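Starting from 1, each residue takes its place in the sequence as its number. These figures come from a predicted structure and were not determined experimentally. For the numbers below, each heavy atom of this structure counts, side chains included, while hydrogens, waters and symmetry mates do not.
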Amino acid sequence: MTNTNEIGWKFDNSYESLPELFFSEIKPNPVESPNLIVLNESVAENLGLNVEALSGDSGVATFAGNVVPEGGSGIAQAYAGHQFGNFTMLGDGRALLVGEHITPTGDRFDIQLKGSGRTPYSRGGDGRATLGPMLREYIISEAMHGLGIPTTRSLAVVTTNEKVLRERLLPGAIMTRIASSHLRFGTFQFAAQWGDMEKLHTLADYAMKRHYPVLDAGDYLGFFRKVMERQAELIAKWQLVGFIHGVMNTDNMTIGGETIDYGPCAFMDEYDPATVFSSIDVQGRYSYENQPRIGGWNLARFAEALLPLFDEDQKRAVELAQEELYKFSDLYKGHWLAGMREKLGLFGEEAGDEALVQGLFDVMKESKADFTNTFRELTLGKLDLVERPAFGEWYSLWQERLGRQSESAASVRELMQKSNPAVIARNHRVEAALTAAVEHGNYGVVENLVRVLRDPYAYSDEQVDYCVAPGAGVSAGYRTYCGT
Ligand code: AMP
Ligand code: MG
């Protein structure tokens, strides 16, 4: 049997230094015969872990939640959150923190199992997860990483050889997720609601030290500002690639600014700002176009939790929070517009740039153009797009704008290529990969897809096949699900 030291775990579990209110110790919920389906070698290497040892018995036993390696943690975290606007107590209902691993370069990552069995926070849930959604999280988080968007990643997926009851019996699986932390807006909401001043202080000091060590101790407003800046940048990045998170509840928004919890998320094919994929989002609360506004709403809930830290005088604290919150939409807009300029190969800034961008989106919406392929074709200078009259008009304006800058066509092309992914995790490709894996035990389709998604700006021959959009309207009816 491989021993855990060979794997290279180096645990330092700082979260456990918080008051006990913030977590519960978990006994393993063993599964009988786990089988390693995915081992993400690139993540393992970044973590400084031995790939071969990880695929051995003790690695797999850890991924299955059968053992917590020596020096590990073995807890579930408590948190609360606004789910579709309603505040509620939550916590890790099906997750286990294996520990905080320190990489050879000194970075700290939570190693967390998802689907590892019931916890004190499971409420009515079974604590389990199924293979399709765990592979889906692996695929999409790798795609996000490839796109250069901050994200949690998947180190491994194991099947449990147990059936899990959803709409029918499905194969059980456990995913090992790595994150710079699992501190959420909802962790602070939990502290504000069920803790006391001292606990809220302790949590904020801890989070600041862990994520924003440049801040002065006690600069809670500065802390809020940092979190807000990260959110503005993150959501702008989502918008720039047509990514729809789908469940932007405050418990799914991290203090470290990583995309987390790939449940009902998906990338848009045809451009329509009202796009929603989540089966339960009937009001379109988390639609593509609403994401920035919801980001601001979530930050307001986060600020509310921090109010007692901003100032003793609560009236003053509210003023301070509002002054900060007002900045969010400009911050977001700044990142978004800068990103859009890059997507269109624009180097300087002109007053009319935003209108130019909007003009393109108007035409895309009207002609139901594919989001990713529109920018890809503009990058490649493939002019079949221009055949459409409305596009033609916009195209002339764009060409004039490009003509007013001094950068060469080659520089424009280079900027556009690194700003416009040729491939995204298209829904129909993701579904085909999951069907092959779950229905036929063929994991090669997932691996091929992930390989292509890891380098979305390559514009390689291998990618061409993955660039094909589904037929018109196919993706509009696509539905994704939470908590599966
Ligand atoms: P999510 O939609 O994945 O962000 O989950 C929302 C909440 O529901 C979290 O507290 C999860 O831990 C919990 N949860 C989701 N699925 C399950 C499950 N099968 N069993 C127990 N808790 C769950
Ligand atoms: Mg969640």
Side-chain angles (χ1 to χ4, degrees), residues 14-26 75-95 97 110 112 118-125 179 181-212 218-228 230-231 247-257 260-261 285-286 294-322 324-325 328 482-483:
S14 64
Y15 185 89
E16 281 170 61
S17 68
L18 290 173
E20 279 174 29
L21 181 72
F22 289 105
F23 58 92
S24 297
E25 271 175 41
I26 302 295
I75 61 166
Q77 296 180 335
Y79 53 86
H82 274 91
Q83 298 200 304
F84 289 89
N86 304 307
F87 185 68
T88 183
M89 172 63 200
L90 296 159
D92 290 331
R94 53 168 174 170
L97 182 65
D110 277 6
Q112 192 208 55
R118 288 180 52 80
T119 79
Y121 313 112
S122 295
R123 298 170 289 164
S181 88
H182 285 83
L183 297 169
R184 307 145 191 267
F185 290 12
T187 318
F188 285 83
Q189 294 181 289
F190 170 76
Q193 183 77 20
W194 286 288
D196 51 28
M197 262 306 265
E198 198 190 324
K199 292 193 177 72
L200 185 60
H201 262 285
T202 307
L203 177 65
D205 293 341
Y206 171 75
M208 285 164 68
K209 222 174 129 203
R210 183 158 176 184
H211 286 288
Y212 305 100
D219 181 9
Y220 300 114
L221 211 54
F223 170 51
F224 175 75
R225 200 176 297 130
K226 287 274 183 210
V227 172
M228 181 168 74
R230 292 261 178 105
Q231 284 290 313
V247 60
M248 288 177 71
N249 295 332
T250 55
D251 52 300
N252 292 335
M253 299 293 112
T254 62
I255 300 303
I260 195 173
D261 255 352
R285 179 182 171 89
Y286 298 141
I294 291 291
W297 191 90
N298 287 339
L299 282 158
R301 304 291 80 74
F302 178 50
E304 275 166 12
L306 296 178
L307 281 181
L309 305 181
F310 290 162
D311 201 285
E312 276 174 26
D313 173 359
Q314 283 306 277
K315 199 164 154 269
R316 179 70 193 131
V318 170
E319 282 168 11
L320 289 169
Q322 273 169 350
E324 292 301 325
L325 279 163
F328 177 72
C482 296

Sub-3.5 Å donor-acceptor pair from the side chain of Y206 to the main-chain atoms of Y15, do we have one? yes

What's the spacing between W194 CH2 and Y79 OH if we round to 0.5 Å? 13.0 Å

Side-chain donor or acceptor of R118 paired with backbone N/O of G125 under 3.5 Å: yes

Give a yes or no on whether the backbone of E198 and the side-chain of D196 come within a donor-acceptor separation of less than 3.5 Å. yes

One should read off an interatomic distance between N298 CG and T250 OG1, to the nearest 0.5 angstrom, of 6.0 Å

Which residue pairs pass the side chain to side chain donor-acceptor pair (under 3.5 Å) test when at least one of the two sits in residues 80-89, sequence neighbours left out? H82-Q189

Quick one: pull up CE in M89 and CG in D251 and give me the separation to the nearest 0.5 Å. 10.5 Å

Before giving the answer on side chain to side chain contact (heavy atoms under 4.5 Å, CB included), spell out for F84 and N249 the whole-Å C-alpha distance, their side-chain angles and the decisive distance to 0.1 Å. CA-CA 6 Å; F84 289 89; N249 295 332; 4.0 Å; yes

Is there a side chain to side chain contact (heavy atoms under 4.5 Å, CB included) between F185 and L299 once you walk through the steps? CA-CA 8 Å; F185 290 12; L299 282 158; 3.8 Å; yes

Can you name the nearest heavy-atom pair linking H211 to S181, along with the distance? NE2-OG, 2.8 Å

For a quick test of reading the model, state the closest non-hydrogen atom pair linking M253 to Q231 and the distance between them. SD-OE1, 3.7 Å

Exercise: do Y220 and D311 side chains pair donor with acceptor under 3.5 Å: no

When rounded to the nearest 0.5 Å, the distance separating CG of L203 from NE2 of H201 is 11.5 Å

How would you list, by chain and number, every residue that makes a ring pair (Phe, Tyr, Trp, His ring centres under 6.0 Å) with F188, sequence neighbours excluded? F223, F302

Heavy-atom closest contact (Q314 atom, P308 atom, distance): NE2-CA, 3.7 Å

In Å and rounded to the nearest 0.5 Å, what is the CD to CZ distance from E304 to F310? 10.5 Å

Determine whether a donor-acceptor pair (N or O, by modelled atom type, separation under 3.5 Å) exists between the side chain of N252 and the backbone of V247. yes

With a sphere of 6.0 Å drawn around CD of E25, does it hold more than 12 non-hydrogen atoms of other residues, nucleotides or ligands? no

Stepwise side chain to side chain contact (heavy atoms under 4.5 Å, CB included) check, Y212 with I255: CA-CA 10 Å; Y212 305 100; I255 300 303; 4.2 Å; yes

Please evaluate residues T187 and Q77 with respect to the criterion side chain to side chain contact (heavy atoms under 4.5 Å, CB included), reporting the C-alpha separation (whole Å), side-chain torsions for both, the decisive distance (0.1 Å), and the verdict. CA-CA 9 Å; T187 318; Q77 296 180 335; 6.0 Å; no

Reported CG-to-CG distance for the pair L306 and L200, which is rounded to 0.5 angstrom: 6.5 Å

In terms of heavy-atom contacts, F190 and A80 come closest through CB-N, 3.6 Å

Closest non-hydrogen atoms of G222 and D219, given as atom of the first, atom of the second and distance, are N-OD1, 2.9 Å

Any side-chain to backbone donor/acceptor pair from T119 onto D92? Under 3.5 Å, distance only. yes

Heavy-atom closest contact (G85 atom, W297 atom, distance): CA-CH2, 3.9 Å

Set of side-chain hydrogen bond (donor to acceptor under 3.5 Å, both in side chains) partners for Q112, sequence neighbours left out: R177, H182

